[in-house]
Undergrad: 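Structure below; questions to follow.
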Amino acid sequence: MSSQTTAPRAQGVSRWAWLVPGLPQILAGRWGGGAVTLLVWSALASLVVLRWGRVLDAASGGWDERFAVLTLVVALATVWGWSMRHATAPSVDQGHPSERRGRALRAFMANRVAVVGLWSIGGICLIALLAPILAPHDPTLQGDLVGQSLLGPSGSNLLGTDRFARDVLSRVLYGARISLGIGLFAVAISVTLGTLIGAVAGFFGGWVDAVLMRLVDVVIAFPRLILLITVIAVFEGASLILIVTVIGLTQWPGTARLVRGDVLSIREREYVLAARALGFSNRRILFRHILPNTLVPVIIAATLGIGNVIVLEAGLSFLGIGVQPPTPSWGGMVAAGRQDLLGAWWISTFPGLAIVFTVVCFNLVGDGLRDALDPRLSS
């Protein structure tokens with residue numbers, strides 16, 4: 001019934017409305033999705049118009065700037081395609097099997113706070129990718145130390161300048177790349193390693209479980225900060241790859257324990273016992289029948305872990321053993337501005353707010369996924 005009523009409404013939209021993403025959805029009665037789509041499209045189109053000269057310069061620049069232009073084009077095309085698809089997609093009846101399979105998605109979308117957090121994370125990631133176009137100045141370029149140092153927020157420098165006359169807004173935009181990149185890649189390493197170790201320990205049990213769990217205890221007991229300082233001292237400097245690797249290799253024990261607990265329960269279920277009776281190999285049982293059923297805690301742990309890694313990277317940069325200057329990072333900017341916190345509060349305040357906002361958004365999405373994917377809470 002709902003699919004029959006939705007299609008005519010979408011077909012009745014004027015042809016000119018399809019030129020404006022979001023407008024067909026609004027005219028079709030889908031106000032929420034249409035308003036968000038129209039807002040995102042307007043922001044991207046305004047960026048193209050207002051920064052057209054910068055876009056042309058970036059298109060003929062280095063690979064970083066060209067990638068930003070490509071991201072802008074892909075974002076515009078994606079928003080337009082999403083608007084067309086969402087405006088013509090029929091509503092799903094509540095009794096349809098596909099609707100039942102999407103119960104977790106509906107539960108997540110019903111959590112308005114989590115949805116806002118997800119949209120905010122998407123916006124932060126898009127801003128980080130478009131930093132070469134959005135940034136008004138070079139984040140590492142030092143200006144006039146006499147006339148432009150420690151200037152407050154103004155028209156030419158919306159968030160002020162730091163001690164070296166560098167634009168704070170540009171450094172915050174580029175710093176998003178560092179924080180998000182370290183968070184995503186370090187969590188990818190930790191989740192992959194933790195999932196494999198936890199699955200193997202829970203599936204085989206016995207001495208394999210004992211050895212791997214003692215390894216987990218050793219990694220948890222060893223102070224991570226001391227390990228980071230030692231590794232950086234051995235390699236005589238901190239690089240992004242080194243920081244990501246060390247954080248990822250020390251973040252996995254929590255995921256391993258979660259996966260091991262689920263595998264201990266799953267391996268005793270009927271379909272696993274049936275697979276054993278049919279003569280399937282341990283590798284096939286583990287990777288095709290057990291691991292897919294442990295993804296819920298892994299996804300939740302990964303989402304919450306990104307926020308923790310961002311805070312950890314900020315702490316390392318604050319201590320001077322993280323990303324080294326002049327490369328901008330949020331933690332490094334907070335540390336650089338602590339000496340001028342009273343006279344030039346903007347140097348530490350804005351990157352600090354960026355850290356807080358990003359971590360809160362990831363935590364909100366993690367909580368929303370936990371509530372939507374946990375069958376005990378959804379019931």
Side-chain angles (χ1 to χ4, degrees), residues 39-79 119-143 153 155-162 164-186 239-241 243-244 306 309-310 313-314 317 322-334 336-337 346-359 361-362:
L39 179 63
V40 174
W41 172 265
S42 300
L44 294 174
S46 300
L47 176 62
V48 174
V49 174
L50 297 177
R51 304 283 290 176
W52 178 247
R54 185 70 187 92
V55 172
L56 292 179
D57 294 338
S60 58
W63 68 269
D64 190 21
E65 296 179 333
R66 292 182 180 179
F67 184 77
V69 175
L70 178 62
T71 301
L72 181 59
V73 174
V74 172
L76 288 169
T78 301
V79 173
W119 277 103
S120 300
I121 292 174
I124 295 172
C125 294
L126 186 60
I127 289 174
L129 294 175
L130 297 177
I133 298 176
L134 292 172
H137 304 282
D138 188 337
T140 61
L141 180 63
Q142 297 185 10
S156 57
N157 302 101
L158 295 179
L159 301 185
T161 61
D162 61 6
F164 298 99
R166 296 174 298 196
D167 183 60
V168 174
L169 174 59
S170 301
R171 292 181 63 79
V172 169
L173 294 177
Y174 274 89
R177 291 180 155 196
I178 302 298
S179 296
L180 291 177
I182 291 178
L184 292 174
F185 285 107
S239 64
L240 286 177
I241 298 177
I243 294 174
V244 168
I306 293 176
V309 172
I310 291 176
E313 182 276 328
S317 298
V323 179
Q324 298 301 307
T327 303
S329 68
W330 289 342
M333 295 178 65
V334 173
W346 53 87
I347 300 177
S348 297
T349 299
F350 292 114
L353 291 176
I355 294 173
V356 172
F357 180 74
T358 304
V359 173
C361 289
F362 274 107

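When a residue number appears, it is its place in the shown sequence, counting from 1.
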Undergrad: Would you compute the distance between atom CD1 of I310 and atom OG of S329 and round it to the nearest 0.5 angstrom?
TA: 12.0 Å

Undergrad: Which heavy atom in I182 sits nearest to a heavy atom in V309, and how many Å separate them?
TA: O-CG1, 3.8 Å

Undergrad: Could you pull out the closest heavy-atom pair between R177 and D64, with the gap in Å?
TA: NH1-OD1, 2.7 Å

Undergrad: Do the side chains of L159 and F350 get nearer than 4.5 Å, heavy atoms only?
TA: yes

Undergrad: Considering all heavy atoms of both residues, which atom of A68 and which atom of L130 are nearest to each other, and what is their separation?
TA: O-CD2, 3.3 Å

Undergrad: Checking side-chain contact (heavy atoms from CB on, under 4.5 Å) between R171 and each of D162, T327, I347, T161, which is the one that passes?
TA: D162

Undergrad: So do W119 and V40 actually touch side chain to side chain, heavy atoms under 4.5 Å?
TA: yes

Undergrad: Between G160 and D167, which heavy-atom pair has the shortest distance, and what is it?
TA: O-OD1, 3.7 Å

Undergrad: Any side-chain heavy atom of P328 within less than 4.5 Å of one from I178?
TA: no

Undergrad: What's the separation between atom OG in S60 and atom CD in E65, rounded to the nearest 0.5 Å?
TA: 8.0 Å

Undergrad: How close do V172 and W330 get, heavy atom to heavy atom, and via which atoms?
TA: O-NE1, 3.0 Å

Undergrad: Are any non-hydrogen side-chain atoms of S179 and I355 less than 4.5 angstrom apart?
TA: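 With C-beta onward as the side chain, the pair stays apart.
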
Undergrad: Take T140 and Y174 through the side chain to side chain contact (heavy atoms under 4.5 Å, CB included) test and state the conclusion after the steps.
TA: CA-CA 10 Å; T140 61; Y174 274 89; over 6 Å; no

Undergrad: Starting at CD1 of I133, measure out to CD1 of I127 and round the result to the nearest 0.5 Å.
TA: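 With rounding to 0.5 Å, CD1 (I133) is 13.0 Å from CD1 (I127).
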
Undergrad: May I ask you to test the L141-R166 pair for a side-chain heavy-atom distance under 4.5 Å?
TA: no

Undergrad: What distance separates I121 CD1 from F362 CZ, expressed to the nearest 0.5 Å?
TA: 4.0 Å

Undergrad: Is there a donor-acceptor pair under 3.5 Å between the side chain of S348 and the backbone N or O of V334?
TA: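 Yes.
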
Undergrad: Please say which of T71, T358, L180 ends up in a side-chain contact (heavy atoms from CB on, under 4.5 Å) with C125.
TA: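 Passing option: L180.
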
Undergrad: L76 versus W41: any side-chain heavy-atom pair under 4.5 Å?
TA: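 A side-chain contact exists here, since the closest heavy-atom pair is under 4.5 Å.
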
Undergrad: N157 and V168: side chain to side chain contact (heavy atoms under 4.5 Å, CB included), yes or no, with the steps?
TA: CA-CA 8 Å; N157 302 101; V168 174; over 6 Å; no

Undergrad: How long is the span from the CD1 atom in I306 to the SG atom in C361, to the nearest 0.5 Å?
TA: 12.0 Å

Undergrad: With a 4.5 Å limit on heavy-atom distance, are the side chains of L126 and L44 in contact?
TA: yes

Undergrad: Does V48 offer a backbone N or O that forms a donor-acceptor pair with the side chain of R54 under 3.5 Å?
TA: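 No, because the side chain of R54 does not come within donor-acceptor range (under 3.5 Å) of the backbone of V48.
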
Undergrad: Is the number of heavy atoms from other residues, nucleotides or ligands within 6.0 Å of CD1 (I241) greater than 12?
TA: no

